[in-house]
Amino acid sequence: MHAKRAGIALLLSISLLGLFTACNSSSLAQSSGKMNVVAAENFYGDIAKQVGGEHVNVSSVLSDPNVDPHEYESSVENGKAVATAQLVIQNGGGYDEWMKKLLDASPNDNRSIVTAFDIAPQKLPDNEHVWYSPQNVKVIASSIATVLKKQDAAHAADYDANLKKFDDSLQALEQKISEIKSKYAGTPVGLTETIFLYQTGPMGLDVKTPGELQKAIAEGNDPPANTVAIANNQITHGEIKVLIYNEQTNTPITSKLQRDAQSKNIPIVPVTETMPQGKTYQSWQLDQMNSLEQVLKSSTSK
Ligand SMILES: [Zn+2]
């Protein structure tokens with residue numbers, strides 16, 4: 001029995017040795033043997049970490065909750081990181097034009113690029129926030145795994161296993177969306193910015209805020225005056241049950257909507273563009289959905 005175990009251990013050691021050899025002979029440029037991944041936004045960085053596991057070094061450019069990603073401009077350090085990366089993940093769709101500039105400034109044939117917006121199956125008009133759809137994220141994670149396997153074939157099995165685990169964990173988000181839909185479809189809600197449309201749609205919520213206002217806020221423009229008046233009236237007259245407030249992309253207009261909602265006792269659910277510290281993509285999204293569900297429960301008495 002013991003001899004058999006020792007035999008298995010020896011076999012394991014040999015196969016591990018084989019893996020190390022394969023690893024060393026692969027095209028990994030870094031001495032650490034890990035692939036350098038740069039994500040434009042931290043939610044993509046987190047997905048890359050989950051899929052890449054111990055084989056990747058991930059750095060994310062946008063992770064400060066006090067920075068509005070729509071207004072971001074890149075630094076010299078960002079440029080250096082991109083120049084030495086083997087994989088760069090960007091959103092695209094006009095969201096992070098600065099990353100496109102950094103990539104153009106340091107051409108590298110050995111670097112792979114994943115552009116989430118371009119591969120996302122669910123795209124809403126004038127709305128680049130594709131990561132708010134778990135269905136999109138599933139496709140984006142799969143594309144990241146494909147690149148990692150191509151760049152580092154020796155660890156393909158690990159990437160496949162990590163991807164499977166990640167995909168499985170997204171089911172909790174899909175379930176929560178269905179649960180909210182089954183209980184609260186048709187409930188009138190307000191949105192200060194377009195980001196949450198990727199979830200209000202599948203949840204069946206009835207978004208009352210004029211789309212022109214949400215879009216102007218996302219793009220950093222002044223919304224048409226009549227749309228602001230409509231949004232203000234909806235709150236004053238209690239026509240929405242909850243205000244979903246993008247606290248990372250705010251302006252004096254959204255702050256006023258927030259204050260008015262507070263004074264009318266309309267509950268507010270804060271959401272963010274990027275992932276808050278200490279969370280994963282899944283826990284961030286699930287926490288927001290849970291808050292929304294709680295608030296819908298109390299404001300609709302369902
Ligand atoms: Zn936004």
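Each ligand, and each atom within it, is numbered from 1 in the order the structure gives. These values consider heavy atoms only, across backbone and side chains, with no hydrogens, waters or symmetry-generated copies.
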For this session: Verify the distance test for Glu193 against the Zn ion (ligand 1): any N/O/S atom under 2.8 Å, yes or no.
Result: yes
Exercise. Going from CG on Leu103 to CH2 on Trp98, what distance comes out if it is rounded to the nearest 0.5 angstrom?
Worked result: 9.5 Å
Exercise. Does any N, O or S atom in Glu273 come within less than 2.8 Å of the Zn ion (ligand 1)?
Worked result: yes
Exercise. Would you find more than 12 non-hydrogen atoms of other residues, nucleotides or ligands less than 6.0 Å from Lys279 atom NZ?
Worked result: yes
Problem set entry | Side-chain heavy-atom pair Asp160, Lys149 within 4.5 angstrom cut-off | yes
Exercise. Where do Ala116 and Ile140 come nearest, in terms of heavy atoms and distance?
Worked result: CB-CD1, 3.6 Å
For this session: Please calculate the NE2(His129)-the Zn ion (ligand 1)-NE2(His70) angle and round it to 10 degrees.
Result: 110°
